[in-house]
Amino acid sequence: MKVAIMGAGLSGLSAAIILERYGVSPVIFEKRSQAGDRFINAEAMLSLLTRPIIDPIRYLSEEFQIFLKPISHINPIIIHSENVQTIINEHVGFTNIRGRNKNSFEAQLASQVTSKIRFNAEVSYEDLLEKFTHVIMATGDASYAIKLHNYREDLSVSLKGATVEGVFTRSEVSVWLDNNLAPKGYAYLIPFSDTEANIVVAVPDLTNEVDETITDYWNRFYDLLKSHLNQSLKITDQFQITNYKIGICDSPRIGNTFFTGNCFGAIMPFLGFGQFESILTGIYAAYDICGLGKYDALTEPLRKSYQHSLILRRGMEALNNQAFDFIVARMNGYLGKQLFKPSGHDPLKWLSYLARPFV
Ligand SMILES: Cc1cc2nc3c(=O)[nH]c(=O)nc-3n(C[C@H](O)[C@H](O)[C@H](O)COP(=O)(O)OP(=O)(O)OC[C@H]3O[C@@H](n4cnc5c(N)ncnc54)[C@H](O)[C@@H]3O)c2cc1C
């Protein structure tokens, strides 16, 4: 059996760790010069989005012996709408770092892989099919899934972000649900040290002039933050991504090709989270190859979550600022506690059932 992994990101490296554990040495091809060779940004894992698994870091460690160190747990999360702010004082998840940083999730996963990673190797799927018995497609984008007519795109998003210097509380994450700042999307601030944070605006691509508009929104958000935090927030790095596709493949596996991570449809449409799902799909693909399970069946719960998440996304797109104010105000109290307190229930699933008739 000869297994090729296309991409040394979250899903590809997770697959490699499990394959090696069961005696299969994959060949890992990475088009960039190191694992995580891209802009640094802070991301998050929210337990609200991974339920019934409450603690994704602990779950990966206990169930699969994949060990990841986050930057911080999150407590509190502060949710803002145009006129309301709610502080949720619960442990709601973790922040972590991605990209060119020795502690990035990619770097941490790469350190748990023993097979040599072939860097600067941008390989084509067609080549790999000829030379290997199995291919794990883990390129972090949908291009091959689309080429193979195996992908349903539901939306695409533009993201503009920056690293800023300031004084931050590591464990405090803030989110803005405000159509003036991010129409039908959201904006957020995630610290990744006591002096650095990422500030990001994410909006669905609804017009043809996204480039100009996302810059306008981002500038508005940046100005608001500076006055809100009363800090100058010096920008030290910036990134912009357009046409980031959110969708899902029709078949998680075609022949001996396994679509993992974003190639599978790991990004959940509601808030664009996909790290945990990407790692799981990598693990499940490796399980299938090692005869420990069936990829289609193992990924089925993720496919269902994707559908729930898509309903919530469509619901969110229909909300105006008045509605956001109403919802954010209600989170201050019983509703917020029920949503965010650690429990084995999946409230988003039930919310998606409730939203279904209206979306
Ligand atoms: C700005 C931003 C913020 C985000 N925030 C969050 C968040 O807060 N929480 C969350 O859960 N999710 C978040 N996500 C989503 C999450 O990052 C992704 O779902 C996840 O990284 C996807 O993992 P992956 O394994 O599919 O791809 P990646 O981890 O991106 O890895 C893909 C790898 O494949 C390589 N590659 C590509 N093409 C080839 C090729 N032809 N040959 C060889 N190698 C190739 C790439 O260089 C890369 O190293 C965010 C995404 C973005 C863009």
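One-based numbering, in listed order, for ligands and for the atoms of each.
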key: Test side-chain hydrogen bond (donor to acceptor under 3.5 Å, both in side chains) applied to Arg38 and Asn41, step by step   = CA-CA 9 Å; Arg38 66 156 168 100; Asn41 74 312; 2.8 Å; yes
In terms of residue, atom name and distance, what is the protein heavy atom nearest to [atom]?
atom                    : value
atom 35 (C) of ligand 1 : Glu30 OE1, 3.2 Å
atom 50 (C) of ligand 1 : Glu43 OE2, 3.4 Å
atom 20 (C) of ligand 1 : Ser278 OG, 3.6 Å
atom 39 (C) of ligand 1 : Thr139 CG2, 3.6 Å
atom 34 (O) of ligand 1 : Gly7 CA, 3.2 Å
atom 32 (C) of ligand 1 : Ala138 O, 3.3 Å
atom 51 (C) of ligand 1 : Tyr244 OH, 3.4 Å
atom 28 (P) of ligand 1 : Gly9 CA, 4.0 Å

Find all atoms of ligand 1 within a distance of less than 4.0 Å from any non-hydrogen atom belonging to [X], and give their numbers and elements.
X      : value
Phe29  : 43 (C), 44 (N)
Gly272 : 12 (N), 13 (C), 14 (N), 15 (C)
Met6   : 41 (N)
Phe239 : 1 (C)
Tyr188 : 3 (C)
Gly261 : 26 (O)
Ile241 : 53 (C)
Phe273 : 9 (N), 10 (C), 11 (O), 12 (N)

message = Return the CD1 to CD1 distance between Ile88 and Ile79, rounded to the nearest 0.5 Å.
response =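 Going from CD1 on Ile88 over to CD1 on Ile79, the span is 4.5 Å.
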Quick check on [X] - does any of its heavy atoms sit under 4.0 Å from an atom of ligand 1?
X      : result
Ala121 : yes
Phe264 : no
Met45  : no
Glu106 : no
Ala44  : yes

task = With atom 21 (O) of ligand 1 as the reference point, say which of Gln34, Arg98, Gln240 has the nearest heavy atom.
result = Arg98
query = Given Thr281, Leu128, Val123, Thr260, which one has a non-hydrogen atom that is nearest to atom 42 (N) of ligand 1?
reply = Val123
Using a 4.0 Å heavy-atom cut-off, which part of [X] comes near ligand 1: side chain, backbone, both, or neither?
X     : answer
Ala35 : neither
Phe94 : neither
Asn41 : side chain

query = Going by distance only, is there an N or O of Asn262 that falls short of 3.5 Å from an N or O of ligand 1?
reply = yes
For the pair [X] and [Y], find out whether any cationic side-chain nitrogen is under 4.0 Å from an anionic carboxylate oxygen.
X      : Y      : value
Arg152 : Asp250 : no
Arg100 : Asp37  : yes
Lys147 : Glu126 : yes
Glu90  : Lys341 : no

Do [X] and [Y] have their ring centres less than 6.0 Å from each other?
X      : Y      : result
Phe64  : Tyr59  : yes
Tyr284 : Tyr295 : no
Phe259 : Phe264 : no
Trp176 : Phe221 : yes

ask   = Just wondering, are more than 12 heavy atoms of other shown residues or ligands nearer than 6.0 Å to CD in Gln307?
value = yes
query = Taking the side chain as C-beta and beyond, is there a heavy-atom pair between Met316 and Tyr186 under 4.5 Å?
reply = yes
message = Do Asn180 and Asn321 make a side-chain contact, defined as non-hydrogen atoms from C-beta onward lying under 4.5 Å apart?
response = yes
ask   = Quick one: does NZ or CZ of Lys69 land under 6.0 Å from the six-membered ring centre of Phe67, within 45 degrees of the ring axis?
value = no
task = State whether a side-chain donor-acceptor pair under 3.5 Å links Ser11 with Thr260.
result =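 Yes, because at least one side-chain N or O of Ser11 sits under 3.5 Å from a partner of the opposite role on Thr260.
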ask   = Regarding Glu20 and Ser115, is there a side-chain donor-to-acceptor distance under 3.5 Å anywhere?
value = yes
